[in-house]
Amino acid sequence: MNAFEYANPSTKEQAVQLLGSEWGETEVLAGGTDLLSLMKVFGTTPKRLVNIKDIEEFQGIDYISNSGLRLGSTSVLAKLIEHPIVQKNYRSLVQAAEGVRSSQIQSFGTVGGDLCQRPRCWYFRNGLGYFPKDDEGHDLIRDGENQYHAILGNSGTACFVSASSLAPALIALEANFRIFGNQGWREIPAEQFFTTPTQTTQRETILEPNDILGEILLPYATNTLNATYEVREKEALDWPLVTASVALKIKEGKIEHVRLVLGHVAPTPWRCIQAETNLVGKVIDEDSAKEAGKIALNDATPLSKNSYKVNLAQVAIKRAILDASLGGL
Ligand SMILES: Cc1cc2nc3c(=O)[nH]c(=O)nc-3n(C[C@H](O)[C@H](O)[C@H](O)COP(=O)(O)OP(=O)(O)OC[C@H]3O[C@@H](n4cnc5c(N)ncnc54)[C@H](O)[C@@H]3O)c2cc1C
């Protein structure tokens, strides 16, 4: 790892001043569980790290009844998992955070860090960037080891998958993200936070190099059934092959409103809008849940070695919907 300067600001204004305007010049440091491993393989070589964990406004988990939940971006996953209101009303978030192994990562890894973590693509982690090519210009992902890559949203040059397990749950629950930057605070729907880079100089979110994801706001959710279902290759330290998160409201026994989001299948979390539309007005049962999975994957474009993920995603959707329906409303 290259030597770097360590800055420990106590206010958000100081933190933003300490961040550079070019990606890679400086990096935001939260728990360091992702950033430091990337620095060790020279995946990023910042001259300065800016620790944000001492900034009070980015800390804590607060619930205001009839209003909603506020997650400070530096709250660690363990605190999210053990929070009684989160357990009761936002169980899809708990299910997603519990999937992050191990307890050491849950104790150090933060909510903001999970959402901003860099791709796990093995070409990317080996220093070949988003769009790896061999000496003759062949695409190393399309022609290579793409078993863990995207099956949706991969028509451009990026084929890695969004690594965050929390992101699908937050998008399904209609969270908003509050970002602090040079111009102060701005707020956007969670769904608009993630982008697919088309150039090596870009990143996977709409953050500017001197922006900080400060807090996440979730609407009141006592009448929302929600669940996350992950399919994993192994229970140990690893990311899911596929995640499905769902949040829905029921009226007179039928689905009135639903959000369905897949993770780990595309360069961004993937909202399944056609499947959502089709679910409205339906009773939740095995057939409607299965049909949602089928519709959601209609447009899948698997690569040479990952068509198995299509079936996994269909099953994850079905099980997430059926699991949400057990939520007890
Ligand atoms: C063995 C292992 C298994 C894992 N399994 C899973 C899994 O199943 N699902 C899953 O989702 N994740 C998984 N993770 C990832 C884990 O959730 C992240 O490493 C962790 O949440 C990152 O948080 P952090 O606070 O350590 O972030 P850091 O490592 O400090 O930062 C990560 C990145 O985000 C940026 N960043 C951090 N916070 C902010 C902020 N507030 N604003 C702007 N930028 C910010 C940093 O600059 C850096 O680029 C796993 C990690 C490991 C090591």
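Throughout, residue positions are numbered sequentially from 1 according to the sequence presented. Both ligands and their constituent atoms are indexed starting at 1 by order of listing. Since the model is a prediction, treat every value here as computed from it, not as a measurement.
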**Report entry** NZ/NE/NH1/NH2 to OD/OE distance under 4.0 Å, D211 and R186
**Finding:** yes
Query raised in the report: For ligand 1, is T44 a contact, meaning one of its heavy atoms is under 4.0 Å away?
Result: no
Query raised in the report: Side chain, backbone, both or neither: which part of L38 comes within less than 4.0 Å of ligand 1 when only heavy atoms are counted?
Result: neither
Query raised in the report: Looking at L207, which atoms of ligand 1 are within less than 4.0 Å of one of its heavy atoms?
Result: 43 (C)
Query raised in the report: Regarding Y90 and N226, is there a side-chain donor-to-acceptor distance under 3.5 Å anywhere?
Result: no
Requested in this report: Using a strict 4.0 Å cut-off to heavy atoms of S164, name the atoms of ligand 1 that fall inside it.
Outcome: 11 (O)
Query raised in the report: Is L237 close to ligand 1, meaning an N/O of one under 3.5 Å from an N/O of the other?
Result: no
Query raised in the report: What protein heavy atom sits nearest atom 35 (C) of ligand 1, and how far away is it?
Result: C116 CB, 3.6 Å
Query raised in the report: For ligand 1, which atoms sit closer than 4.0 Å to a heavy atom of A30?
Result: 25 (O), 30 (O), 37 (C), 38 (N)
Query raised in the report: T195 and Q202: side-chain donor and acceptor closer than 3.5 Å?
Result: no
Report summary line: Contact region, I105 to ligand 1, non-hydrogen atoms below 4.0 Å, reads side chain
Query raised in the report: Tell me, which protein residue and heavy-atom name are nearest atom 3 (C) of ligand 1, and how many Å apart are they?
Result: R101 O, 3.0 Å
**Report entry** Short N or O distance, Q117 and ligand 1, threshold 3.5 Å exclusive
**Finding:** yes
Query raised in the report: Is E215 salt-bridged to R178, going by a charged N under 4.0 Å from an acidic O?
Result: yes
Query raised in the report: Are I250 and I321 in one and the same hydrophobic cluster, where Ile, Leu, Val, Met, Phe, Trp and Tyr link if side-chain heavy atoms are under 4.5 Å apart?
Result: yes
Query raised in the report: Within the structure, does W239 bring an N/O atom to less than 3.5 angstrom of an N/O atom in ligand 1?
Result: yes
Report task. Would you mind telling me if ligand 1 is within reach of the side chain of A163, the backbone, both or neither, using heavy atoms under 4.0 Å? Result -> backbone
Report task. Decide whether an N or O pair under 3.5 Å exists between G31 and ligand 1. Result -> yes
Query raised in the report: Can you tell me which residue and heavy atom of the protein come closest to atom 8 (O) of ligand 1, and the distance to 0.1 Å?
Result: R232 NH2, 2.7 Å
Query raised in the report: At their closest point, which heavy atom of I317 faces which heavy atom of A289, and how far apart are they?
Result: CG2-O, 4.3 Å
Query - Parallel, tilted or perpendicular: rings of Y123 and H149 (30°, 60°) - result: tilted
Query - Atoms in ligand 1 flagged as close to S73, the criterion being non-hydrogen separation under 4.0 Å - result: 41 (N)
Requested in this report: Give the atoms of ligand 1, by number and element, whose distance to some non-hydrogen atom of T33 is under 4.0 Å.
Outcome: 18 (C), 19 (O), 20 (C), 22 (C), 23 (O), 24 (P), 26 (O), 29 (O)
**Report entry** G99: numbered ligand 1 atoms lying under 4.0 Å from its heavy atoms
**Finding:** 8 (O)
Query raised in the report: So is G109 polar-close to ligand 1, meaning N/O to N/O under 3.5 Å?
Result: no
Query raised in the report: I52 heavy atoms, cut-off 4.0 Å: which ligand 1 atoms fall inside?
Result: 40 (C), 41 (N)
Requested in this report: Starting from atom 49 (O) of ligand 1, find the nearest protein heavy-atom neighbour and note its residue, name and distance.
Outcome: R118 CD, 4.0 Å
Query raised in the report: Which bit of R120 gets closer than 4.0 Å to ligand 1, counting heavy atoms only: side chain, backbone, both or neither?
Result: neither
**Report entry** Side-chain ion pair, R120 and D238, N-O less than 4.0 Å
**Finding:** no
Requested in this report: Consider ligand 1: state whether an atom of it lies below 4.0 angstrom from any non-hydrogen atom of E230.
Outcome: no
**Report entry** Heteroatom distance test (S165, ligand 1): nitrogen or oxygen, under 3.5 angstrom
**Finding:** yes
Query raised in the report: So which heavy atom in the protein is nearest atom 27 (O) of ligand 1, and how far is it from that ligand atom?
Result: G113 CA, 3.4 Å
Query raised in the report: Does a side-chain N-to-carboxylate-O contact under 4.0 Å join E286 and K318?
Result: yes
Query raised in the report: Under 3.5 Å, N or O to N or O, is P240 touching ligand 1 that way?
Result: no
**Report entry** Protein contact to atom 47 (O) of ligand 1 [nearest heavy atom, distance to 0.1 Å]
**Finding:** V28 O, 2.5 Å
Query raised in the report: Can you check whether T110 has an N/O within less than 3.5 Å of an N/O in ligand 1?
Result: yes
**Report entry** Salt-bridge criterion met for R232 and E98 (N-O under 4.0 Å)
**Finding:** no
Query - Least distance between heavy atoms, V310 atom then P302 atom - result: CG2-CG, 4.0 Å
Query - D134/R142 ion pair, N-O < 4.0 Å - result: no
Requested in this report: Please identify each residue that fulfils side chain to side chain donor-acceptor pair (under 3.5 Å) with E291, with sequence neighbours left out.
Outcome: none
Query raised in the report: Shortest non-hydrogen contact from E233 to Y148?
Result: OE1-OH, 2.8 Å
Query raised in the report: Between N146 and S304, which heavy-atom pair has the shortest distance, and what is it?
Result: ND2-OG, 2.9 Å
Query - Test of proximity, G32 against ligand 1: N or O pairs below 3.5 Å - result: yes
Report task. Please write down residue, atom name and distance for the protein heavy atom closest to atom 5 (N) of ligand 1. Result -> D238 O, 3.4 Å
Query raised in the report: How far apart are the closest heavy atoms of V242 and A313, and which atoms are they?
Result: CG1-CA, 3.6 Å
Requested in this report: Please write down residue, atom name and distance for the protein heavy atom closest to atom 17 (O) of ligand 1.
Outcome: D114 OD1, 3.0 Å
Requested in this report: Evaluate ring pair (Phe, Tyr, Trp, His ring centres under 6.0 Å) for F177 paired with F193, printing each intermediate quantity in order.
Outcome: CA-CA 8 Å; F177 288 1; F193 184 71; 5.0 Å; yes
Query - Polar atom proximity, L35 to ligand 1 (N or O, under 3.5 Å) - result: yes
Requested in this report: Examine the side chains of S164 and D114 and answer whether a donor and an acceptor come within less than 3.5 Å of each other.
Outcome: yes
